[in-house]
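This report concerns only the one structure given below.
Convention: sequence-line order gives letters A, B, ...; per-chain numbering from 1.
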Amino acid sequence: MAHISDISIQIQDKTYADLAGGKDYCAIKDFNLALQAHEFVCLFGHSGCGKTSLLNCIAGLDTNFVGNISLNNTNTVPKISYIFQNPRLLPWRTVRENIELVLDNVQDITLVDNLLNLMQLEDKQHLYPQHLSGGMSRRVAIIRAFVTNPDILLMDEPFASLDLRTARQVRKLLMQLWQNRPHTVLFVTHDLREAIALADRLVFLSQPPMQVICEVLVPIARDSRDDTSQIEIFRQQLIDNHPELNALL
Amino acid sequence: MQVFKLSTTQLTLLSFVIFISFWQLLAIYLHQASLPSPYVVAIILFQEIKSGVLPYHLGITLGRLSISFAIAMSFGCMFGILLGQHQRLDAFFDHWLVIFLNIPALVTIILCYVWFGLNETAAILAVVINKLPNVVVTIREGTRALDVELLEMARSYKFGWRKTFLHVIWPQLHPFVMTATRSGLALIWKIILVVELLGRSNGMGYQLHLFFQLFDVASILAYTVAFIAVIQLIESLILKPLDRKAQQWRI
């Protein structure tokens, strides 16, 4: 199975050229991150610090950078799924068709059924995206990402534009799905509570040029993550124990 | 008012009946050979169909239309997508497009006949050259308007060129292709008639030229009616169902 592999992300330099002739903009510099198999890692940083640029480089949408994304320290390019800030579903394809489109073979059709069932969307599978709520569209995007069995799953603030209640519901379903199929996840967020609730490890990022400030393991057991008081306590510990994160938290 | 309660079909029928009645009244009032009544035109139309002359010439013209339309649409879509995706290529060819868009159809037709002779290739080429720039411009605009986020999604999931084109690009281009198709059909019809009138010995244009020389207005109108009927059939039997199928998701 491909998704049991470790992934190494090394970006020495990601610079945007200023086409107007001004100064070039360095978004990422000497960024190194190793992801272990099945690990859920949250990237936490300010708006505009380069998180989306990083995900675009990892996903292969931006190839104009100096660095390397590798699988098990080999030259193999990892199989990647990307959940964007908005779901990016094809409006002319039904829910089911949107999911099946990313599949290479028909054998995975039963998997689609399972995932639709798990995400409580089996009765919506023949609807077009315009008939779905924001939360449902996010769930479809999550299924589409999981169904390909990726080595790494990139999530770029997927719940950012949802109201608190819907975001909580979708987050819960995501965790159920992930515990069922624990892929390696790189999750970008602004919300520290969300990051603590989801992650095995938190990676704090600096202002551009983006680098890793520090990494912290989340010691809260998975089955206790619904307990907001534990999350609050850990959040306070983070603030107290990591003065270097003051500007960020 | 009662007329506002009619269905769309009833309204269309009523509009058609009023048009024919107006034509009939005008023909009776003028009482001249230059405006025959709808009845006379209908009789001639029937006779021409029965004799096989009209179907023959209509078939020839439709054949030319199909070939030139297919060529213009295929190459037009291809170039339009290329120019829409590559800014530098677009900058290079933009002036060429403007030139070809502004050359009068008649000039292209004459030049094609002069350069390639009075033959079928020249006739079809003349039509294609006239239509191609319109298709290119329409499809180029459609390609420029493609949703970049959906294209990124396709790239991130490694769709490949064929899947991306069929499932992501083509559905977005569909309204532009339909616009090019409809305007193309209307334009090509008109150009083909001139092409046939100037340099062919068959087809609707040739026949119309013949009737013009004989000052046979009734036959001109009969052929025009046949012409319009065919275009309407293409619209309602091919284009509209295609459009309905492609736009199903919007309902």
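Contacts of A/L61 with chain B are made by both backbone and side-chain atoms, with heavy-atom separations under 4.5 Å. Of the atoms belonging to A/N56, not a single heavy atom falls under 4.5 Å from chain B.
The structure places CH2 of B/W249 at 13.5 Å from OG1 of A/T94, a figure rounded to the nearest 0.5 Å. The line from CZ of A/R144 to CE of B/M153 is 4.5 Å long, rounded to the nearest 0.5 Å. The distance from atom NZ of B/K158 to atom OG1 of A/T148, rounded to the nearest 0.5 Å, is 10.0 Å. Expressed to the nearest 0.5 Å, how far CH2 of A/W92 lies from CD of B/Q248 amounts to 15.0 Å.
With B/K163 contributing its side chain and A/L101 its backbone, the two residues share a donor-acceptor pair below 3.5 Å. A/R88 places a side-chain N or O within donor-acceptor distance of the main-chain N or O of B/E149, the cut-off being under 3.5 Å. Side chain of B/Y157 to main chain of A/Y82: a donor-acceptor pair is present (N/O by atom type, distance under 3.5 Å, no hydrogens or angles).
Considering all non-hydrogen atoms of both residues, B/V168 and A/L90 come closest at CG2-CD2, 4.1 Å.
In this structure, A/Y25 places its OH atom where more than 12 heavy-atom neighbours from other residues, nucleotides or ligands lie under 6.0 Å away. Counting non-hydrogen atoms of other residues, nucleotides and ligands closer than 6.0 Å to CZ of B/F159 gives a total above 12.
Considering only heavy atoms from C-beta on, A/L154 stays 4.5 Å or farther from B/S156 through its side chain.
Between chain B and the options A/G60, A/S81, A/A59, the largest number of non-hydrogen pairs under 4.5 Å is found for A/S81. Interface summary for chain A: among B/R155, B/Q247, B/Q172, the most heavy-atom pairs under 4.5 angstrom belong to B/R155.
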